[in-house]
Amino acid sequence: MTVRVRFAPSPTGYLHIGSARTALFNYLYARHVGGKFLLRVEDTDLARSTEESIRSILDGLAWLELGHDEEIVFQSDNADKHRATAKKLLAEGKAYRDFTPKAAQSDANVKDAIKDRARANQGEKNMRDNPYRSLSAEEGDARAAAGEPFAIRLKVAETGKSSFEDGVYGLQERDYAETEDLVLLRSDGHPLYNLAVVCDDIEMQISHVIRGQDHLTNTHKQVLIYEALGIIPPTFAHLPLIMAPNKGKLSKRKHGEVVSMTTYRDAGFLAAAFRNFLALLGWSAGEEKEIYTLAELVEKFSLDGIHRSNAIFNFTENDPRRWTDDKAQWMNAEYIRTMPLDELLPFVRPELKAAKLYRDEYEDDDKAWFENTINLIRQRFFTLKDFSNQGRAYFSEDYDFDPAAIEKNLAKFPDLRSWLPELAERFEVMDSFTEPEIEEVVKAFTEEKGTKLGIIMNGARTLLTGVAVGPSMLSVFETLGKDRSILRLRSQIAWNV
RNA sequence: GUCCGGUUCGUCUAGGGGUUAGGACACCGCCCUUUCACGGCGGCAACACGGGUUCAAAUCCCGUACCGGAUACCA
């Protein structure tokens, strides 16, 4: 049997980090076993679903390079089939019409209202006491024909339990007494989530359902529907949840942009790095290696390596350095400085182009210079954004000076104001401008002035790059070249800031 | 409330009867160095608690605590 898995987001927001990981795991599983990875948009909640959200989710998946097979299925397109299925179960006596008027929305928070209701019912509640459960078919038909509104509920057996073998959590059992006769079709004719999911999974011939652990109880309900339909359920595997630093729910409302996939794309993360980070949140290959290419993840992935405990996505609100998980930031930096240069370049070019720092010559005449420079400066960069921010001085004459750098490297040494232009004079007469010669000249100059090499180098760094950190200054001089180095050493701009 | 899960350094995790409980991130220190967010070396730091089983428990069993999820004519 072919393995077919699906990622089924409901389009009520952007691609959440937890959903992204669910998509990733589905993708990895499918690719690992040579199966299909399908996409289904669960847009049955017409009120909350938006076109924009669908686009944002697809953007997120595309960024992560989780390409899906076959056409995207829109759940709302299948509503008629869902209704037909509910009617079928009704006709077979496996479901019944519930004429109880729809309860008015409580003014309390939905979750709290549910909790309160459950607590109030506690001990007393018999899940099978719906008065309409045993209504005769004739009377039901008559009342329906008379136009009385009704919901269709699944008739859950009095005794017994639902069970399934979870790919991650093992055998799961739930007594029928814990499960209400669930509503399949609302009184306004709209199919409910559990029915829609089961119908679509059957229709799409899904073999493995891999989703968040928050669906564990839904799965029992869905198993019941499969049984009523006489269809063998797929294999289920539930994933541990990704929590906020306080172990609470990670949500847009509370935590903002950190949970959105597009945030990382826009912040200059490499999809490969973020994917790698995500893969290790709740899964491990059981080895100490932690940098994996997509192909390696596909090769190593298995349900056995998925944990049963939730993971915390660690970040500190209001701390610019810790705005997102440290490890994700480290991993991105690691990718930027160690991945093959030709794989990095395709990401650097658009970044520079967007900042108007790219020139066509970087493709031909200055290709070697460009690649060497990127290779030189990437060693201390964390995101793609750094190429256009901190790296700006390498590609443009119009760059800013970091006040902290001026303070630390220039202001403290007023002599540099005349020394650096003077150093430019020494450069002026040089025939060859490469590291060894530059070093010789700068050292001689330093000795002559009776100062320390660091003072000269750091002053020059500030003037030439605008920042206090970067590669070896000898490399910087050489990369920038004789003319630009001289020009910048003579410039008084930084001194007047 | 009830049901279902979970619990190894601050975080991500390895290990699943005998380990100095390993790695990574973060943090701290030292080294390299003209700076540094690179690199090298080192340090700090964990088996939730209580009972059992066993020669031996972080590992198996039970209980407790705590955390999470679920409870809907939402998805």
Side-chain angles (χ1 to χ4, degrees), chain A residues 8-10 12 42-45 47-49 75 98 100-103 105-106 110-111 113-123 125 149-153 169 172-175 177-180 182-188 190 192-194 196-197 212-218 220 238 240-241 243 245 247-249 277 280-291 307-315 321-322 325-331 333 337 378-382 386 390 405 408-409 442 446 452-462 467-474:
Chain A
S10 49
T12 55
E42 310 220 310
D43 55 350
T44 50
D45 187 342
R48 288 194 294 161
S49 300
Q75 191 157 64
D98 181 0
T100 310
K102 184 182 174 191
Q105 273 283 354
S106 148
V110 196
K111 286 274 177 194
I114 290 164
K115 218 177 159 184
D116 290 346
R117 194 192 77 142
R119 216 196 313 270
N121 287 339
Q122 182 286 108
K125 180 70 171 174
F150 60 88
I152 294 181
R153 304 189 95 112
Y169 291 93
Q172 298 294 306
E173 295 183 314
R174 188 174 170 89
D175 201 287
E178 301 295 334
T179 304
E180 206 173 17
L182 54 137
V183 172
L184 265 17
L185 208 61
R186 297 207 289 214
S187 48
D188 64 4
H190 279 103
L192 258 90
Y193 176 74
N194 284 308
V197 167
Q213 190 242 68
D214 50 339
H215 282 288
L216 232 24
T217 47
N218 276 331
H220 281 98
H238 291 86
L241 271 19
M243 315 302 289
K247 294 178 193 282
K249 205 167 186 170
F277 168 75
L280 263 19
L281 214 47
W283 172 82
S284 151
E287 56 188 4
E288 287 181 355
K289 178 181 167 76
E290 47 187 2
I291 300 290
H307 308 150
R308 280 158 287 272
S309 53
N310 295 342
I312 290 173
F313 183 63
N314 203 13
F315 61 93
R321 275 191 62 208
R322 295 265 162 89
D325 199 292
D326 278 330
K327 195 138 188 180
Q329 298 200 60
W330 167 78
M331 198 163 286
R337 58 185 173 243
R378 69 165 164 159
Q379 294 312 323
R380 285 165 180 81
F381 285 176
F382 276 71
D386 290 334
Q390 295 194 50
K408 181 181 168 201
N409 297 330
V442 177
T446 304
K452 285 194 287 189
L453 190 60
I455 291 172
I456 299 293
M457 289 298 199
N458 290 325
R461 178 188 301 285
T462 305
V467 294
V469 302
S472 151
M473 257 326 275
L474 297 173

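In the text below, chain A, chain B and the rest are named by the order of the sequence lines, each starting its count at 1.
- For A:Leu192, the side-chain atoms get nearest to B:rC73 when compared with the rest of B:rU11, B:rC73, B:rG5.
- One interatomic measurement links the two molecules: NE2 of A:His190 to C1' of B:rC73, which rounds to 12 Å at whole-angstrom precision.
- Both A:Asp188 and A:Asn409 lie close to RNA chain B; mapped to their nearest nucleotides by heavy-atom distance, the more 5′-ward contact belongs to A:Asn409.
- Under the 3.5 Å distance criterion, the side-chain polar atoms of A:Arg337 are left unmatched by any main-chain donor or acceptor of A:Phe382.
- When distances are taken from the side chain of A:Val110 to each of B:rA75, B:rA72, B:rU2, the shortest belongs to B:rA72.
- Atom NZ of A:Lys289 has more than 12 heavy atoms from other residues, nucleotides or ligands within 6.0 Å.
- The gap from the P atom of B:rA58 to that of B:rG17 amounts to 13 Å, rounded to the nearest Å.
- For A:Ser284, the listed nucleotide lying nearest its side chain is B:rA14; candidates were B:rA14, B:rC12, B:rU7.
- Whole-Å rounding puts the A:Arg461 CZ to B:rU34 P distance at 11 Å.
- Distance A:His307 NE2 to B:rC12 P: 10 Å, rounded to the nearest Å.
- Side-chain proximity of A:Ala311 to the nucleotides B:rU7, B:rU35, B:rU13 is greatest for B:rU13.
- Per the geometry, CD belonging to A:Gln379 stands 21 Å off P belonging to B:rC32, to the nearest Å.
- Out of B:rU34, B:rA75, B:rU13, the shortest distance to the side chain of A:Met457 is found at B:rU34.
- The distance from atom NE2 of A:His238 to atom C1' of B:rC4 is 11 Å, rounded to the nearest whole Å.
- For A:Asp98, the side chain to side chain donor-acceptor pair (under 3.5 Å) criterion is met by A:Thr100, A:Asn130, A:Arg153, not counting sequence neighbours.
- For A:Gln329, the side-chain contact (heavy atoms from CB on, under 4.5 Å) criterion is met by A:Phe269, A:Trp323, A:Thr324, A:Asp326, not counting sequence neighbours.
- Rounded to an integer number of Å, the gap from CZ of A:Arg48 to P of B:rA75 is 8 Å.
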Would you list the protein and nucleotides 24-28 of chain B atom pairs, both N or O, that sit under 3.5 Å from each other?
unit_1: B:rA24; atom_1: O4'; unit_2: A:Glu290; atom_2: OE2; d: 3.0
unit_1: B:rA24; atom_1: O2'; unit_2: A:Glu290; atom_2: OE2; d: 2.3
unit_1: B:rA24; atom_1: O2'; unit_2: A:Lys327; atom_2: NZ; d: 3.1
unit_1: B:rA24; atom_1: N3; unit_2: A:Lys327; atom_2: NZ; d: 2.9
unit_1: B:rC25; atom_1: O2'; unit_2: A:Lys327; atom_2: N; d: 3.4
unit_1: B:rA26; atom_1: O3'; unit_2: A:Arg322; atom_2: NH2; d: 3.0
unit_1: B:rA26; atom_1: O2'; unit_2: A:Arg322; atom_2: NH2; d: 2.8
unit_1: B:rC27; atom_1: OP1; unit_2: A:Arg321; atom_2: NH2; d: 3.1

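- The two residues A:Tyr193 and A:His215 make their nearest non-hydrogen contact at OH-CE1, 2.9 Å.
- At a threshold of 4.5 Å between non-hydrogen side-chain atoms, the residues A:Asn310 and A:Gln213 count as touching.
- In this structure, the CG atom of A:Leu280 is 8 Å from the C1' atom of B:rC12, given to the nearest Å.
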Base, backbone or nothing for each nucleotide of nucleotides 62-71 of chain B, written B, S, -, heavy atoms under 4.0 angstrom, 5' to 3'? -----SSSSB

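- B:rU59 and B:rU7: their C1' atoms are spaced 14 Å apart (whole Å).
- Each of A:Ser187 and A:Glu287 lies near RNA chain B, and the nucleotide nearest A:Glu287 is the one positioned closer to the 5' end.
- Nucleotide B:rC38 holds its P atom 12 Å from the CD atom of A:Gln390, rounded to whole Å.
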Close N or O pairs between protein and nucleotides 45-48 of chain B (under 3.5 Å):
none

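- When the side chain to side chain donor-acceptor pair (under 3.5 Å) test is applied to A:Asp43, the partners found at least two apart in sequence or on another chain are A:Ser76.
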